[in-house]
Amino acid sequence: MAKKWLKKVGVYGGFLLLGVSGYAVLRNVAEKNAPEFNKTMVTVNKQKMSMQDFYNNMSYTSSGWFFIDENGQKHNVDSLCNVDIKDSLTHSHYSKIKLQERIDTVYARYKYNNFRHKNDSSIIYKLGAADSLPNLPSMGKYSYNMLVLREFIADNPKLQSVLDIYNDSHNCTKAHEMQHYYNNLAGAHNWNSYSVKFAECCLDEISANIAQCLKQRENFIAHGNDISYITKRFAVYRGMIESGQITPRSGRISRAEQEVIANTVFDAWMKDKFLMYARNNHSRTLYILKDAPYTGVMENLPKHQALMKKFFNIKGYNFWQFISKREAEVFERIPSEYHKTYTVLSKQKYRKMNHFEKMEHLRITEGQSTFTYEVAQNHLKARIIQTLGYREK
């Protein structure tokens with residue numbers, strides 16, 4: 001009889017099958033685990049099944065544990081649970097983006113005394129159907145597969161001279177928005193903890209500003225060191241050029257000047273733009289992580305560091321070596337109410353973990369060997385449940 005049971009259950013449980021007491025142990029295992037294994041559902045390649053069917057249809061090879069579906073296809077169990085693989089698959093479409101570009105013409109004129117809108121500017125703008133805008137529209141924007149630039153056209157030369165700094169020829173809007181596009185390709189939407197993702201949204205903007213500054217520097221040199229090509233957006237850097245502290249030259253940018261660009265851009269954005277972008281970056285964080293499982297919003301600093309090296313590899317220069325020393329300042333300024341929201345959302349995701357996510361959580365917190373052992377134990381339990389007939393009818 002022992003040989004018959006050994007054949008059915010397998011060598012993992014063979015030591016238990018040495019008599020009546022061994023059978024009692026197996027029955028206890030089946031009774032204890034059958035309710036969970038029969039009722040808990042998992043999904044593999046859109047096929048929904050019970051934990052029992054999943055673990056009962058597994059085999060072990062030198063490459064690890066594999067689930068064999070109804071079509072005979074093998075699925076690596078590690079891969080089914082791995083959150084990084086799920087993250088990569090969820091956002092793989094970004095690598096297939098075919099970027100489109102559009103230029104919108106914004107017409108401008110000085111307003112008349114009887115114009116009804118009250119604002120500090122004396123200029124009125126017209127953007128397509130949005131006529132009579134009292135405030136300056138954005139100079140451009142990037143969204144998924146569309147890059148939009150704005151070209152400002154005035155109805156007289158005097159006003160045009162005022163608006164030229166907003167056009168791409170001086171503002172270098174395209175370089176800014178293209179960096180957002182490159183960051184998207186690099187993985188700007190990949191999952192991490194809420195606080196890390198908020199910081200990454202801020203650092204995405206700082207990265208785009210550095211790319212913009214480099215393009216303005218390039219135009220400055222190309223136009224005979226005309227300082228008008230360095231806009232007041234980069235006022236400190238411009239002032240250092242005017243005072244002779246820095247002399248931009250063609251060719252390779254010195255490490256010292258790279259550091260100045262990194263720090264002055266970082267300082268300016270944190271001073272002038274952080275509060276302006278905070279609400280938007282908070283909303284963006286919530287959007288990016290809305291479908292992430294709990295294991296996707298666990299803090300992963302190595303993953304963050306790898307992404308930032310891509311964000312700040314701009315024009316072949318490693319600006320991360322400077323910005324990495326400053327990023328703690330971004331984390332320190334995350335509003336407390338955002339932290340509270342992130343804590344609540346993380347707890348909600350924790351409570352909603354499915355079986356694969358719980359297994360991945362085990363792997364992350366206790367290591368690969370514990371994960372592998374648990375998979376083997378679940379396979380054995382499923383075989384015992386199947387053999388003893390503790391299946392839900």
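Position 1 is the first residue of the sequence; numbering continues from there.
Judged by distance alone, with hydrogens and angles left aside, the side-chain atoms of S207 form a donor-acceptor pair with the main-chain N or O of F311 at under 3.5 Å. Panel note: side chain N156, backbone K158; a donor-acceptor pair is recorded below 3.5 Å. The main-chain N or O of L89 is found under 3.5 Å from a side-chain atom of S92 such that the two form a donor-acceptor pair. With hydrogens and angles disregarded, no donor-acceptor distance shorter than 3.5 Å links the side chain of D87 to the backbone of N190. Side-chain atoms of N71 do not come within 3.5 Å of backbone N or O of Q73 as any donor-acceptor pair. At distances below 3.5 Å, not a single donor-acceptor pair connects side-chain atoms of K126 with backbone N or O atoms of R109. When atom types are taken as modelled, the side chain of R333 and the backbone of M270 share a donor-acceptor pair closer than 3.5 angstrom. Judged by distance alone, the side chain of D168 and the main-chain N or O of T173 form a donor-acceptor pair under 3.5 Å. Put simply, the side chain of S283 gets close to the backbone of R279: a donor and an acceptor are under 3.5 Å apart. Using modelled atom types, one side-chain atom of K197 and one backbone atom of A188 make a donor-acceptor pair closer than 3.5 Å.
Looking at N378 and H355, their side chains come closer than 4.5 Å, going by heavy atoms from C-beta outward. Considering only heavy atoms from C-beta on, R102 stays 4.5 Å or farther from L147 through its side chain. Side chains of I124 and Y110 form no contact here, defined as non-hydrogen atoms less than 4.5 Å apart. Contact of the R363 side chain with the C81 side chain is not registered, since no non-hydrogen atoms from C-beta on lie closer than 4.5 Å. The closest side-chain heavy-atom distance from V375 to M58 is below 4.5 Å.
Looking at residues two or more places apart in sequence or on another chain, you find a side-chain contact (heavy atoms from CB on, under 4.5 Å) between T43 and K48. Legend: residues meeting side-chain contact (heavy atoms from CB on, under 4.5 Å) with K310, ordered by chain and number and at least two apart, are A186. For I68, the side-chain contact (heavy atoms from CB on, under 4.5 Å) partners two or more places apart in sequence, or in a different chain, are S59, K74. Remark: Y287 engages K290 in a side-chain contact (heavy atoms from CB on, under 4.5 Å) (not counting sequence neighbours).
Pairs passing the side-chain hydrogen bond (donor to acceptor under 3.5 Å, both in side chains) check and including a residue from residues 340-350, sequence neighbours excluded, read H282-Y342.
Residue F220 places its CZ atom among more than 12 non-hydrogen atoms of other residues, nucleotides or ligands, all under 6.0 Å distant. Atom CD1 of I103 is surrounded by 12 or fewer heavy atoms from other residues, nucleotides or ligands within 6.0 Å.
Between the side chains of E327 and H304, a donor-acceptor pair is found at a separation under 3.5 Å. Side-chain contact check for S169 and N167: no donor-acceptor pair (N or O, by modelled atom type) lies under 3.5 Å. When only modelled atom types and interatomic distance are considered, Q216 and R233 share no side-chain donor-acceptor pair under 3.5 Å. In this structure, a donor-acceptor pair under 3.5 Å is absent between the side chains of E70 and N57. Side-chain atoms of N171 and Q212 form a donor-acceptor pair, as typed in the model, at a separation below 3.5 Å. A donor-acceptor contact under 3.5 angstrom links the side chains of H180 and D204, judged on distance only. Between the side chains of Y55 and Q377, not a single donor N or O lies within less than 3.5 Å of an accepting N or O.
Under the 4.0 Å criterion applied to side-chain N and carboxylate O atoms, E357 and K86 are assigned as salt-bridge partners.
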Output a table of donor-acceptor pairs, distance under 3.5 Å, between side-chain atoms of residues 260-269 and any protein atom two or more places apart or on a different chain; print 'none' if there are none.
residue: N263; atom: OD1; partner: R326; partner atom: NH1; Å: 3.1
residue: N263; atom: ND2; partner: E259; partner atom: O; Å: 3.2
residue: T264; atom: OG1; partner: V260; partner atom: O; Å: 2.7
residue: T264; atom: OG1; partner: I261; partner atom: O; Å: 3.3
residue: D267; atom: OD1; partner: R326; partner atom: NH1; Å: 3.3
residue: D267; atom: OD1; partner: R326; partner atom: NH2; Å: 2.6

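Checked against a 6.0 Å centroid threshold, the rings of Y144 and Y94 count as neighbours.
One finds the CD atom of E200 at 10.0 Å from the CG atom of N183 (value rounded to the nearest 0.5 Å).
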